[in-house]
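Heads up, the thing below is written out as structure tokens.
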Amino acid sequence: MKSKKHFFTVNILAIALTIFSCSKDDDTPPPTTQSTAIPSVYSKIYGATSITSDGTFITIKTSDQPNHKSAYWANTNSLYEAFTPSATNPSFTGGAFIRAPNNITAQTITLKIPLNPKVATTHSATPMGVMGVALDGVPFFNQYAAGGVSLGGEVNGFDQAWGHPQASGMYHYHVEPYYLTTVKSGATKWGLLGFLLDGFPVYGPKEENNTDPSNLDVYHGHTHVTIDFPSGIYHYHISNTAPYINGNGFYGTPGTVTQ
Ligand SMILES: [Zn+2]
Ligand SMILES: [Zn+2]
């Protein structure tokens, strides 16, 4: 009697569980966008306002508000710092600092970069405007000033972090982001600095053993293991001369940027 009652209870439970799990499967709509685990390396982009992935692309949003001092913050901002000429002035042309008229202004920038970047069969030129993002959320621009001309005297408008804002106040780096390679706590000349739109990472002017990178291709990159990519990856190295951040064009197929 006792065992029969027990058998009955177990059966009722099993039937109830089956009905419950079936109805749950049938009634739950599939999510409209699959959220996928994001490789931890992307969390190094500390300046991003959000980082998500659909399994094919990593979507990085930034308001482009660097956490470092600049002569381009409004002088009411706690990060405002008057420009002081010094040996770190990136005035490659030897000129004095000339402040551009605009302050740093919050932006709405969304970069969609390939989660698994691949070499492109046809290499496209980097665009004017946003071509990538640095760890502090600041966009990388290519080696040209507006109109596709050489940066020329524009470098004399770079602040202490070697960046400057364009006409709508979008702060950006054309060259080595000096705050990230030199000033920030723990900064190195060899660490990860950000990503370009094709999904490939950007590193500083040195390798992890502090030597100069060797065998760089025309895009300023090569492939080997790094701390962030223990299986090895193609990556760009920033240089001190034009074209600075990468070479002429993307190694991979670029994603998209909206702003
Ligand atoms: Zn510029
Ligand atoms: Zn390297």
Side-chain angles (χ1 to χ4, degrees), residues 44-48 62-73 77-100 102-105 107 109 126 129-145 150-166 169-196 201-208 210-213 216 220-221 226 228 235-247:
K44 291 195 171 187
I45 310 171
Y46 69 87
T62 176
S63 55
D64 190 13
Q65 298 281 278
N67 67 324
H68 59 67
K69 291 179 178 178
S70 172
Y72 286 108
W73 286 112
N77 190 300
S78 60
L79 289 173
Y80 170 78
E81 183 180 65
F83 189 88
T84 310
S86 73
T88 62
N89 185 337
S91 301
F92 301 112
T93 53
F97 177 66
I98 302 164
R99 194 190 189 281
N102 302 295
N103 290 337
I104 297 171
T105 308
Q107 308 287 320
I109 303 168
T126 52
V130 180
M131 69 161 184
V133 64
L135 302 187
D136 57 0
V138 171
F140 286 129
F141 277 30
N142 69 14
Q143 71 273 33
Y144 301 113
S150 132
L151 282 179
E154 207 167 279
V155 296
N156 292 328
F158 292 171
D159 66 10
Q160 305 93 310
W162 297 10
H164 72 164
Q166 41 76 298
M170 184 192 289
Y171 186 79
H172 57 278
Y173 302 122
H174 293 273
V175 300
E176 176 184 326
Y178 188 76
Y179 172 76
L180 295 176
T181 60
T182 311
V183 179
K184 186 177 182 289
S185 169
T188 69
K189 289 284 185 182
W190 48 260
L192 178 73
L193 295 174
F195 291 86
L196 293 196
V202 177
Y203 282 83
K206 297 285 188 182
E207 297 288 9
E208 287 167 1
N210 221 32
T211 59
D212 293 329
L216 295 179
H220 263 206
T226 71
D228 311 290
H235 55 281
Y236 300 104
H237 280 284
I238 288 179
S239 63
N240 295 326
T241 53
Y244 309 113
I245 291 173
N246 72 318

I want to check something: taking the side chain as every heavy atom from C-beta on, are Phe195 and Ile45 in contact at a cut-off of under 4.5 Å? yes

Got a sec, which residues hit salt bridge (charged side-chain N to carboxylate O under 4.0 Å, His left out) with Lys206, two or more places apart in sequence or on another chain? Asp212

Give the intermediate values and the outcome of side-chain contact (heavy atoms from CB on, under 4.5 Å) for residues Asp159 and Tyr171. CA-CA 10 Å; Asp159 66 10; Tyr171 186 79; 2.8 Å; yes

Are Asn67 and Tyr179 close enough that some pair of their side-chain heavy atoms sits under 4.5 Å apart? yes

Check: Gly204 main-chain N/O paired with His237 side-chain donor or acceptor under 3.5 Å: yes

Closest heavy-atom pair and its distance - Gln160, Ala71: OE1-N, 3.5 Å

Tell me, with the steps shown, if Tyr236 and Ile245 meet side-chain contact (heavy atoms from CB on, under 4.5 Å). CA-CA 7 Å; Tyr236 300 104; Ile245 291 173; 6.0 Å; no

Which pairs with one or both residues in residues 171-181 pass salt bridge (Lys or Arg N to Asp or Glu O under 4.0 Å), sequence neighbours excluded? Glu176-Lys189

side-chain hydrogen bond (donor to acceptor under 3.5 Å, both in side chains) partners for Asp136, two or more places apart: Tyr173

Going through the distances and angles, do Phe141 and Val130 end up as a side-chain contact (heavy atoms from CB on, under 4.5 Å)? CA-CA 5 Å; Phe141 277 30; Val130 180; 4.1 Å; yes

Exercise: identify the closest heavy-atom pair between Pro139 and Met170: CG-SD, 4.1 Å

Counterpart residues, side chain to side chain contact (heavy atoms under 4.5 Å, CB included), relative to Glu154 (two or more places apart): Ala145, Leu151, His164, His174

Atom NE2 in His172, atom CG in Asn142: separation rounded to 0.5 Å? 9.5 Å

Step by step, would you call Ile104 with Gln65 a side-chain contact (heavy atoms from CB on, under 4.5 Å)? CA-CA 8 Å; Ile104 297 171; Gln65 298 281 278; 3.8 Å; yes

Taking the side chain as C-beta and beyond, is there a heavy-atom pair between Leu193 and Pro177 under 4.5 Å? yes

Distance col, row Trp162:CH2 vs Thr181:OG1, nearest 0.5 angstrom, shows 6.5 Å

Residues which pass side chain to side chain contact (heavy atoms under 4.5 Å, CB included) with Asp228, listed by chain and number, not counting sequence neighbours: Val41, Lys44, Leu192, Tyr203, Thr226

Do Leu135 and Tyr46 touch side chain to side chain, with heavy atoms closer than 4.5 Å? yes

Are the side chain of Thr105 and the backbone N or O of Asn103 linked by a donor-acceptor pair below 3.5 Å? yes

Taking the side chain as every heavy atom from C-beta outward, state whether Asn77 and Ser70 have any atom pair closer than 4.5 Å. no

Hits for salt bridge (charged side-chain N to carboxylate O under 4.0 Å, His left out) against Glu207, two or more places apart or cross-chain, chain-then-number order -> none

Quick one: does any side-chain atom of Trp73 pair with a main-chain N or O of His68 as donor and acceptor, under 3.5 Å? yes

Looking only at heavy atoms, what is the nearest atom pair of Ala134 and Leu180, with distance? CB-CD1, 4.0 Å

